[in-house]
There are 2 protein chains.
Amino acid sequence: MKKSSKFSDVLHILLHIADSPTTVTSEKLAKAMQTNPVVVRRMMAGLRENGLVRSDKGHSGGWFLSCDLDKVTLFDVYEAVESPTLLAIGNRNENSVCQLEKAVTATTQKAFIDAETLLLKKFKDITLAKLHMSIKKDAHNHTH
Amino acid sequence: MKKSSKFSDVLHILLHIADSPTTVTSEKLAKAMQTNPVVVRRMMAGLRENGLVRSDKGHSGGWFLSCDLDKVTLFDVYEAVESPTLLAIGNRNENSVCQLEKAVTATTQKAFIDAETLLLKKFKDITLAKLHMSIKKDAHNHTH
DNA sequence: GACTTATGTAATAGTATAAGTTACATGAAA
DNA sequence: TTTCATGTAACTTATACTATTACATAAGTC
């Protein structure tokens with residue numbers, strides 16, 4: 001199964017915006033992401049709705065931050081991209097009448113939820129500021 | 001993203017086989033799974049290769065266990081279905097030259113691996129015997 | 001005020017993966 | 001030798017994700 005990289009793509013975009021002294025257009029971001037500007041706008045829609053970024057139209061328009069990097073965690077970003085499914089595996093029919101299938105579901109479900117909970121807990125522990133600080137600056141090539 | 005239920009499907013099938021005093025045909029299993037016999041055979045191929053089950057051709061043929069339910073864990077089953085991807089989210093390009101993307105990858109990767117590790121640890125702690133014992137028997141309807 | 005630049009979003013097209021089906025070969029038991 | 005069962009390749013759907021096109025909206029420029 002192919003993994004969705006929407007969550008990390010959005011983080012990547014946020015760092016590009018954070019690193020820029022001016023607004024950044026969807027087109028520039030799309031270049032860095034090697035995709036289409038429309039895809040960028042679509043990915044960022046939830047972040048705008050959640051007040052993490054804003055976007056201006058017209059000349060010198062584009063994206064800029066509207067949140068405190070110290071206050072916002074990866075969990076907030078995760079929610080802003082509409083909390084995509086974390087696990088690639090699951091149960092076929094959680095309301096099966098088959099006792100055997102129910103046993104499988106009950107047993108595996110616990111493990112699945114524990115793993116998801118751990119992951120979300122980790123997200124809550126990492127602020128965007130912390131992520132931003134982890135960048136190893138490179139004078140020759142730090143925009144992409 | 002649609003979750004793969006191959007792993008839990010195979011567990012479900014194993015319980016059906018474990019619960020039957022005789023061999024079970026792919027056709028019967030397919031009925032319980034509401035799918036096609038060929039899909040069942042395909043799903044079980046890895047389990048046969050790993051010695052967890054065997055299958056006989058011809059009259060009174062079908063599937064039967066060839067492992068000790070006390071010795072085999074969910075992890076063994078997971079490996080036998082070729083260790084499908086556990087997480088539905090990931091990074092786009094783990095070898096990007098962009099320092100910003102690298103920072104995102106490094107940070108999220110840690111969280112992803114921890115969650116995966118936890119899940120696999122849980123799998124290792126659950127034997128098929130334990131799973132089998134968890135079935136709440138129901139005299140009226142215990143095959144499906 | 002017309003023009004340029006930018007976003008917003010609906011609609012469409014393209015692509016990849018998984019699931020389901022058909023067809024036929026193999027082999028064991030009746 | 002007929003029947004029943006698996007093994008597997010090939011093909012067909014189904015579905016979801018990604019990318020693209022098209023056009024409306026709005027802000028700044030000339």
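If you're wondering where the values come from, they're calculated on a predicted model, not measured in any experiment. Here is how names work: the chains are called A, B, and so on, in the same order as the sequence lines, proteins then strands, and each is numbered from 1.
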Next item on the list: Compare all side-chain heavy atoms of A/Glu94 with those of A/Lys102 and state whether any distance is below 4.5 angstrom.
Entry: no
Notebook entry, point to check: Would a 4.5 Å heavy-atom cut-off, applied to side chains only, mark B/Val81 and B/Met43 as touching?
Noted result: no
Check: Counting just side-chain N and O atoms, does B/Ser55 come under 4.0 Å of either OP1 or OP2 of D/dG7?
Finding: yes
Next item on the list: Give B/Thr35 one of three labels, base, sugar-phosphate or nothing, depending on what nucleic acid heavy atoms sit under 4.0 Å from its own.
Entry: sugar-phosphate
Next item on the list: Kindly state which residues belonging to residues 38-48 of chain A come within less than 4.0 angstrom of DNA chain D, counting heavy atoms of the residue only, listed by number.
Entry: A/Val38, A/Val39, A/Arg42
Checklist line | Upstream residue (5' side of DNA chain C) when A/Lys2 and A/Pro37 are each assigned their closest nucleotide | finding: A/Pro37
Next item on the list: Taking the side chain as every heavy atom from C-beta outward, state whether B/Thr127 and B/Leu69 have any atom pair closer than 4.5 Å.
Entry: no
Check: What is the distance, rounded to the nearest whole Å, between atom CZ of A/Arg92 and atom C1' of C/dA18?
Finding: 11 Å
Item checked: Upstream residue (5' side of DNA chain C) when B/Ser5 and A/His59 are each assigned their closest nucleotide -> A/His59
Next item on the list: Starting from the C-alpha separation in whole Å, work towards a yes-or-no answer on side-chain contact (heavy atoms from CB on, under 4.5 Å) for A/Leu87 and B/Leu119.
Entry: CA-CA 10 Å; A/Leu87 292 183; B/Leu119 190 50; 4.3 Å; yes
Notebook entry, point to check: Okay, side chain of B/Thr73, backbone of B/Ile126: is any donor-acceptor separation there less than 3.5 Å?
Noted result: no
Check: Over how many whole Å does the gap from B/Glu82 atom CD to C/dT17 atom P extend?
Finding: 16 Å
Check: Roughly how many Å is it from CG in B/Asn36 to P in C/dA18, rounded to a whole number?
Finding: 18 Å
Note to self: If you only use heavy atoms from C-beta on, which nucleotide in C/dG20, C/dT7, D/dC4 is closest to the side chain of A/Thr25?
What the structure shows: C/dT7
Margin query: For a quick test of reading the model, state the closest non-hydrogen atom pair linking B/Leu52 to B/Asp76 and the distance between them.
Written below: CD1-O, 4.4 Å
Notebook entry, point to check: Out of D/dA27, C/dG8, D/dA5, which has the shortest distance to the side chain of B/Lys57?
Noted result: D/dA5
